[in-house]
Amino acid sequence: MATPTPLLKDELDIVIPTIRNLDFLEMWRPFFQSYHLIIVQDGDPSKTIHVPEEFDYELYNRNDINRILGPKASCISFKDSACRCFGYMVSKKKYIYTIDDDCFVAKDPSGKDINALEQHIKNLLCPSTPHFFNTLYDPYREGADFVRGYPFSMREGAATAVSHGLWLNIPDYDAPTQLVKPRERNTRYVDAVMTIPKGTLFPMCGMNLAFNRELIGPAMYFGLMGDGQPIGRYDDMWAGWCTKVICDHLGLGIKTGLPYIWHSKASNPFVNLKKEYKGIYWQEEIIPFFQAVTLPKECTTVQQCYIELAKQVKEKLSNIDPYFTKLAEAMATWIEAWDELNPTGENLAKLSISNDKAK
């Protein structure tokens, strides 16, 4: 019997940020080997990263990022897993799956290995329901449907831009919660997927995440974190808040729930507290900002939305700390760099004019 072709084999890249050898890929080999990997090496670029044999991959270190982006490389974080978003920028595929190198294959309650990537793809390929909540969660799942009272005019749903997966074992907690619950483990497997309703923010975790790069890629910027920055561990959440506001504006959906991965390693809560402590204060003003932000109807592309969001970040959050001025400028730089590496339509025309002038 012939082995079935993996879903979206030629349309999806797997992006992995790392500072270490990628031996964890051996566990994922049955699920990942057919796909192309983009590895973003953080930290010392002279260090050699070992990748198991027979994986198809490209690897970028800081020297590569500086070479490819030039002065715009300043928008890519250093010594922080936020560097992964460089992989989103250089990919040429329609879909992205990103995973951390301390995440292993989880098992479902029956003991079967979970093919997380396959479930993410299923999430992305079926619609979302952001405008009206279905009490049976995902109505497009086998064995489910829309409940009585669900408007027929809304049953077509919206395109799914993001699939947000969860984790068993080590919870994704902030440092204060880690400190008071050091032995807590997530053993609760909930067999459900739901659409996050329009107008509702969520804390996005980047360690088990997939998205439609064509629909929402330019919004998946993980900010300025790590080396030289006053904050860390808010990279994925920043991207999640920005992405959710833009998805709501453009009528796109975000799903959360299945699939699970096994998060193997707890990071040091004291180190985390040092990275997070400003964010813990700042988020009490950042979240109301995102809850109240509106984008003009003239913003019809992700890039236009993101540039507008950057302007509002600068106007309304810079009073919290000068960091937000710097972040807003980096957001604009990110879009410039994205458009240079991914020229389409209007951007291609601009690039052609620029090249003609250069001649």
Side-chain angles (χ1 to χ4, degrees), residues 7-8 94-97 116 118-167 172 188-206 208-220 236-260 283 286-306 308-309 312:
L7 290 169
L8 303 180
K94 183 175 181 178
Y95 301 97
I96 296 286
Y97 175 52
E118 182 180 61
Q119 178 64 51
H120 275 298
I121 290 170
K122 288 178 179 178
N123 291 348
L124 290 171
L125 292 182
C126 78
S128 294
T129 54
H131 305 294
F132 201 90
F133 188 79
N134 191 60
T135 51
L136 279 179
Y137 301 111
D138 194 341
Y140 305 101
R141 186 174 176 181
E142 186 177 351
D145 210 328
F146 293 95
V147 296
R148 179 171 55 89
Y150 200 101
F152 283 88
S153 60
M154 293 184 175
R155 295 190 181 193
E156 187 177 333
T160 301
V162 181
S163 172
H164 179 254
L166 300 176
W167 12 258
D172 186 28
R188 190 163 168 258
Y189 179 98
V190 180
D191 188 14
V193 176
M194 63 175 284
T195 298
I196 301 171
K198 181 178 180 180
T200 301
L201 296 174
F202 75 111
M204 190 171 82
C205 173
N208 176 28
L209 180 72
F211 59 94
N212 184 321
R213 184 176 174 276
E214 290 185 0
L215 284 181
I216 202 64
M220 278 288 178
D236 43 8
M237 287 182 284
W238 181 264
W241 297 328
C242 293
T243 295
K244 186 60 167 64
V245 165
I246 293 172
C247 282
D248 285 353
H249 176 75
L250 296 178
L252 302 171
I254 296 178
K255 293 190 175 190
T256 187
L258 300 179
Y260 285 89
Q283 71 185 12
I286 295 171
I287 291 171
F289 162 76
F290 279 108
Q291 287 174 325
V293 74
T294 58
L295 299 172
K297 62 182 180 181
E298 292 77 21
C299 291
T300 57
T301 68
V302 177
Q303 283 95 325
Q304 289 169 347
C305 290
Y306 204 74
E308 173 62 28
L309 203 49
Q312 295 194 36

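- Interatomic distance, CG of Leu258 versus CD of Glu118, reported as 12.0 Å (0.5 Å rounding).
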Check: residues 160-167 side-chain donor-acceptor pairs under 3.5 Å, at least two apart:
{"residue": "Thr160", "atom": "OG1", "partner": "Cys126", "partner atom": "O", "Å": "2.7"}
{"residue": "Thr160", "atom": "OG1", "partner": "Ser128", "partner atom": "N", "Å": "3.3"}
{"residue": "Thr160", "atom": "OG1", "partner": "Ser128", "partner atom": "OG", "Å": "2.6"}
{"residue": "Ser163", "atom": "OG", "partner": "His120", "partner atom": "ND1", "Å": "2.7"}
{"residue": "Ser163", "atom": "OG", "partner": "Asn123", "partner atom": "ND2", "Å": "2.9"}
{"residue": "His164", "atom": "ND1", "partner": "Thr256", "partner atom": "OG1", "Å": "2.9"}
{"residue": "His164", "atom": "NE2", "partner": "Cys205", "partner atom": "N", "Å": "3.0"}

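- Across Ala116 and Asn208, no two heavy atoms sit closer than the pair CB-OD1, 4.4 Å.
- Contact record, Cys242 with Tyr306: CB-CE1, 3.9 Å, taken as the closest heavy-atom pair.
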Quiz prompt | Criterion side chain to side chain contact (heavy atoms under 4.5 Å, CB included) on Thr129 and Met154, from CA distance to verdict | solution = CA-CA 8 Å; Thr129 54; Met154 293 184 175; over 6 Å; no
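- To the nearest 0.5 Å, the span separating CG on Leu252 from NZ on Lys198 amounts to 11.0 Å.
- Residues passing the ring-ring contact (aromatic ring centres under 6.0 Å, His included) test with Tyr189, sequence neighbours excluded: Tyr260.
- Residues passing the ring-ring contact (aromatic ring centres under 6.0 Å, His included) test with Phe211, sequence neighbours excluded: Tyr88.
- Applying the side-chain contact (heavy atoms from CB on, under 4.5 Å) criterion to Ala158, with sequence neighbours excluded, gives Pro130.
- From Leu309, atom CG reaches atom CZ of Phe289 across 5.5 Å, with rounding to the nearest 0.5 Å.
- When every heavy atom of Leu215 is checked against every heavy atom of Val302, the shortest pair comes out as O-CG2, 3.1 Å.
- Applying the side-chain contact (heavy atoms from CB on, under 4.5 Å) rule to Leu136 yields the partners Asn134, Val147; only residues at least two apart in sequence or on another chain are considered.
- Nearest approach of Met204 to Gly240, heavy atoms of both residues: CE-N, 3.6 Å.
- Under the salt bridge (charged side-chain N to carboxylate O under 4.0 Å, His left out) criterion, the residue pairs touching residues 240-252 are Lys244-Asp248, with sequence neighbours excluded.
- The nearest pair of heavy atoms linking Gln312 to Thr294 is NE2-O, 3.0 Å.
- Legend: residues meeting side chain to side chain donor-acceptor pair (under 3.5 Å) with Asn212, ordered by chain and number and at least two apart, are absent.
- Within a 6.0 Å sphere centred on OH of Tyr137, other residues, nucleotides and ligands contribute 12 heavy atoms or fewer.
- The line from NE2 of His249 to CG of Leu295 is 5.0 Å long, rounded to the nearest 0.5 Å.
- Annotation: side-chain contact (heavy atoms from CB on, under 4.5 Å) contacts of Ile121 (sequence neighbours excluded): Leu7, Leu8, Leu12, Tyr35, Leu117, Leu125.
- Put simply, the side chain of Asp236 does not reach to within 4.5 Å of the side chain of Leu209, judged on heavy atoms.
- Applying the salt bridge (charged side-chain N to carboxylate O under 4.0 Å, His left out) rule to pairs touching residues 130-149 yields Asp138-Lys255, Arg141-Asp191, sequence neighbours excluded.
- Here Pro296 pairs with Glu298, Cys299, Glu308 under the side-chain contact (heavy atoms from CB on, under 4.5 Å) rule; sequence neighbours left out.
- Rounding to the nearest 0.5 angstrom, the gap separating the CD atom in Gln291 from the OG1 atom in Thr200 is 9.0 Å.
- With sequence neighbours left out, the ring-ring contact (aromatic ring centres under 6.0 Å, His included) criterion links Phe290 to Trp238, Trp241.
- The ring-ring contact (aromatic ring centres under 6.0 Å, His included) check on Phe146 picks up Tyr140, Tyr150, with sequence neighbours excluded.
- Considering OG1 of Thr243 and CE of Met237, their distance stands at 13.5 Å, rounded to 0.5 Å.
- Proximity of Lys122 to Val193: side-chain heavy atoms (C-beta onward) are nowhere separated by under 4.5 Å.
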